[in-house]
Amino acid sequence: MDYFPIFLDIRNRPVVIVGGGEIAARKVALLRRAQAAITVVAPTLNDSLAQQLAQGELSYRAGEFCDDDLNRCALVVAATDDAGINRAVYEAAEKRNLPVNVVDCPEFCRFIFPSIVDRTPVTVAVSTSGASPVLARMLRAHLETMIPAGYGRLASLLASFRDSARVRFSSMKSRRHFWERILQGPATEMVFSGREQDATRLIQDALNSGESAAEKSGEVALVGAGPGDPDLLTFRALRLMQQADVVLYDRLVSRAVLDLVRREAEQIYVGKKRDYHAVRQEEINQTLADLAKAGKRVVRLKGGDPFIFGRGGEEIATLAEQGVPFQVVPGITAASGCASYAGIPLTHRDYAQSVRFVTGQLKDGSIDLDWASLAQPQQTVVIYMGLQGLPVICKQLIAHGAAASLSVALVQQGTTVHQQVITGTLATLPALIAEKEIHAPTLLIVGEVVSLHKQLVWFQPLRND
Ligand code: SAH
C-alpha cells in the first residue's frame, strides 16, 4: 500500500490553502464540505474566493507565503503555479510534520485527495496513489451510479436505532444478525424510494418483536422499463431488476432490458398480443399481490412509463387494497424516447407550445377522441397504439380543421437498433404505410415539429437485417 487511507475530522480545524486561483478555490470548496476553518494565503484572490471571503466563509491573509502561516495549522495545501512557493510550502510543512498536499506534484505530497462519492454520512474515497487521477474519477463515476442517492439517509436512519438495538440485543453477534436481516429486507429500498416512515416502522417492529417481520414481507416495484434501449433505464430500475426474485414482464419490454434482470430471478411473461396468450389484468394484479405476500421481491416491468397508458394504476390499486407494500419507478415513455431518437422535439418555440399524449386504440371500430381540440395548431399530438386507426385519425384531424399538409411521423421500434421513422403528411401517410411492412410497436407524432426530423436526425444505427 503506497498511501494509508484514513478519514480526517477537520471540522473547525485550521487548514491553510496557499494560492488564490481556480485550483485553490476548488480545494477550498472540497475542504469546506468537511467544515474546515480555512485560511487562504495569497497576494490576490479570484472572484469566487473573494466572494466567499465577503460572506465570511473563509479567512484571508494577503501576501506571499511565509513559514509562520503554518503556525497552529492542521493541514496545508499548496495550489499555486509557482514551483518555488510550492516547494517552500512543502518544506515548511515537513519541518513541522504537517500533512501537506502540493496540487499536481506527487513528490511534494504527504497526502493526496481521493475521488469522493459523498453520501454523508457514508463516504467512499477512491485513490490510485496518484497513478491516474482520471482512472480514479472514472471509478468514482461508476460507484456513483451503483450507490443509491439515499445511502446517506439510510445510514442516518440506522444510526438512530443504534442505541435501542444495543439494548435489545446484548451480544454483538445477535446485533449483527439483526442488522443483516434488516439491510437485506425491504427497509433499505423503502428508504431509497422515499418511504422512510414505513422503513422506520418496520425496523421498530422488528426491534420490538425480536425477530424480523422486515425480512419476511416482500414488496412489488412497478418499474418503467423505457421504450427499448437499455441505456435509458433509471438507476433505480436497474437496481431493483438486479435484486428481484420474480419479474413479470410483457411484450413491450425489450430483450436487451430483460437481459439485465438478475439471472436467478424467475421471469414470467404476462404479455398480450391483442388477445393472444393474454393473461387477464385481474389475474396479473392478484399474482403480484400473492408473490409479494409470499415474501418475494417482485418487479413488474412495464414498457415506457408505468403510468402512461400502462394500466399501472390498476395494478397497484389491488396492492394498496390488500396492504402490500409497493413503489412506482417512472420510466422514459415512448413519446419522449421516440421523439428524442427521431430528432423531433415535442415542443418548439416556433411550432408547438404544448404536447398531448393520446391513445388511438380502436374501441368498437371507432376512435373516441376530441378531434376538434386535437386539430388545433401550435401543438404536438403523440398517439400511442395508433397504427390500426391511422387512416381514421388522419381523416378526422383533417375533417376538424387540421391542414392536410400537416407533418406526421410514424416511429417504429423507437430507440432500438431497429428504429425506423417514416414521415409524411396527414394526407399522404396512410397510403405510404399501407405499402410497407411495419413492425410494432409504433408511435405517431403529429405536428409541425415533425418537419425538423430531417435536419435533427442523429440516431442512425447500423442494421444487420
Ligand atoms: N407505458 C408505455 C405505453 C404503453 S401503450 C409508455 O409509456 O411508453 C403501448 C404503445 O406504446 C404502443 O402501441 C406504441 O404506440 C407505444 N410504444 C411503446 N414503446 C414503443 C417504441 N419503442 N417505439 C414506438 N412506440 C412505442
Side-chain angles (χ1 to χ4, degrees), residues 221-234 237 248-259 269-276 278-279 281 284 299-316 328-344 346 355-363 367 369 374 380-394 408-423 429-430 433 436-447 450 453 457 459-461 463:
L222 187 60
V223 175
D229 182 347
D231 272 13
L232 297 180
L233 284 171
T234 59
L248 285 84
Y249 66 99
D250 50 43
R251 190 171 50 94
L252 274 180
V253 178
S254 71
R255 187 70 253 162
V257 167
L258 279 176
D259 281 346
Y269 177 70
V270 292
K272 347 178 177 158
K273 190 168 187 177
R274 300 257 155 64
D275 287 324
Y276 174 73
V279 177
Q281 187 66 48
I284 298 177
V299 165
R300 169 68 170 117
L301 266 186
K302 311 275 284 179
D305 182 280
F307 275 7
I308 296 180
F309 305 124
R311 302 186 77 168
E314 296 167 42
E315 296 185 1
I316 58 173
V328 184
V329 183
I332 292 189
T333 190
S336 57
C338 295
S340 296
Y341 278 54
I344 301 173
L346 290 176
V355 54
R356 310 195 40 188
F357 297 173
V358 298
T359 165
Q361 201 161 35
L362 298 167
K363 223 191 219 166
I367 309 172
L369 288 171
L374 295 180
T380 305
V381 179
V382 181
I383 304 163
Y384 290 69
M385 298 167 276
L387 182 64
Q388 266 205 318
L390 178 67
V392 181
I393 291 166
C394 292
V408 191
L410 180 100
V411 185
Q412 302 179 50
Q413 303 185 315
T415 79
T416 73
V417 289
H418 304 293
Q419 172 173 303
Q420 279 199 55
V421 184
I422 304 172
T423 57
L429 195 70
I433 301 283
K436 295 202 155 89
E437 192 185 333
I438 305 289
H439 300 279
T442 62
L443 191 82
L444 285 169
I445 305 179
V446 184
V450 171
H453 159 70
V457 64
F459 179 66
Q460 290 160 312
R463 296 156 48 87

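Remember, it's 1-based here, ligands and their atoms both numbered in the order they're listed. Residue numbers start at 1 and run along the sequence shown. Note: hydrogens, waters and symmetry copies are ignored here, and every other heavy atom, side chains too, is used.
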Based purely on interatomic distance, does Asp305 place a nitrogen or oxygen under 3.5 Å from a nitrogen or oxygen of ligand 1? yes
Looking at every non-hydrogen atom in both residues, tell me the closest pair between Val408 and Val450 and how far apart they are. C-CG1, 3.8 Å
Apply side chain to side chain contact (heavy atoms under 4.5 Å, CB included) to Ile316 and Phe307, showing your working. CA-CA 11 Å; Ile316 58 173; Phe307 275 7; 3.6 Å; yes
In terms of its nearest heavy atom to atom 11 (O) of ligand 1, the top option of Tyr341, Tyr384, Phe357, Phe309 is Tyr384
Per-residue contact class, Ala335 against ligand 1 - non-hydrogen pairs under 4.0 Å: neither
Examine distances only and state if a side-chain atom of Tyr384 and a backbone atom of Ala335 form a donor-acceptor pair shorter than 3.5 Å. yes
Heavy-atom nearest neighbour of atom 10 (C) of ligand 1 within options Gln361, Lys302, Met385: Met385
Those atoms of ligand 1 less than 4.0 Å from some heavy atom in Ala334: 6 (C), 7 (O), 8 (O), 16 (C), 17 (N), 18 (C), 19 (N), 20 (C), 26 (C)
Please say whether Ile308 places an N or O atom under 3.5 Å from an N or O atom belonging to ligand 1. yes
Any donor-acceptor pair under 3.5 Å from Thr415 side chain to Asp229 backbone: yes
If we only count N/O pairs under 3.5 Å, is Val411 in contact with ligand 1? no
Protein residue, atom and distance nearest to atom 9 (C) of ligand 1, heavy-atom basis: Leu252 CD1, 3.5 Å
May I ask you to decide if Gly228's main-chain N or O and Thr416's side chain share a donor-acceptor pair within less than 3.5 Å? no
What are the two closest non-hydrogen atoms of Ala409 and Ile344, and how far apart are they? CB-CD1, 3.8 Å
For a side chain to side chain contact (heavy atoms under 4.5 Å, CB included) check, start with the C-alpha distance between Val270 and Arg300, then their side-chain angles and the critical distance, and finish with the verdict. CA-CA 10 Å; Val270 292; Arg300 169 68 170 117; 3.7 Å; yes
Among all protein heavy atoms in this structure, tell me which lies nearest to atom 15 (O) of ligand 1, with the distance rounded to 0.1 Å. Thr442 O, 2.6 Å
Short side-chain to backbone donor-acceptor contact, Gln419 and Gln412, under 3.5 Å: no
Gly228 N/O to ligand 1 N/O under 3.5 Å: no
Considering only heavy atoms of Gly414, which atoms of ligand 1 have at least one such atom less than 4.0 Å away? 21 (C), 22 (N), 23 (N), 24 (C)
Is it true that Gln413 lies under 4.0 Å from ligand 1, counting heavy atoms only? yes
May I ask you to decide if Gly271's main-chain N or O and Asp250's side chain share a donor-acceptor pair within less than 3.5 Å? no
Geometry only, no angles: is Pro227 polar-contacting ligand 1 at N/O separations under 3.5 Å? yes
Is Thr415 in contact with ligand 1, taking contact as a heavy-atom separation below 4.0 Å? no
Between Gln281 and Glu315, is a side-chain hydrogen bond (donor to acceptor under 3.5 Å, both in side chains) present by the stated rule, with each step listed? CA-CA 8 Å; Gln281 187 66 48; Glu315 296 185 1; 2.9 Å; yes
Return a yes/no value for Gly303: is any of its N or O atoms, backbone included, closer than 3.5 angstrom to an N or O of ligand 1? yes
Test side chain to side chain contact (heavy atoms under 4.5 Å, CB included) applied to Leu444 and Leu429, step by step: CA-CA 10 Å; Leu444 285 169; Leu429 195 70; 4.0 Å; yes
Nearest non-hydrogen protein atom to atom 20 (C) of ligand 1, with distance, is Pro441 CG, 3.5 Å
Within the structure, does Thr333 bring an N/O atom to less than 3.5 angstrom of an N/O atom in ligand 1? yes
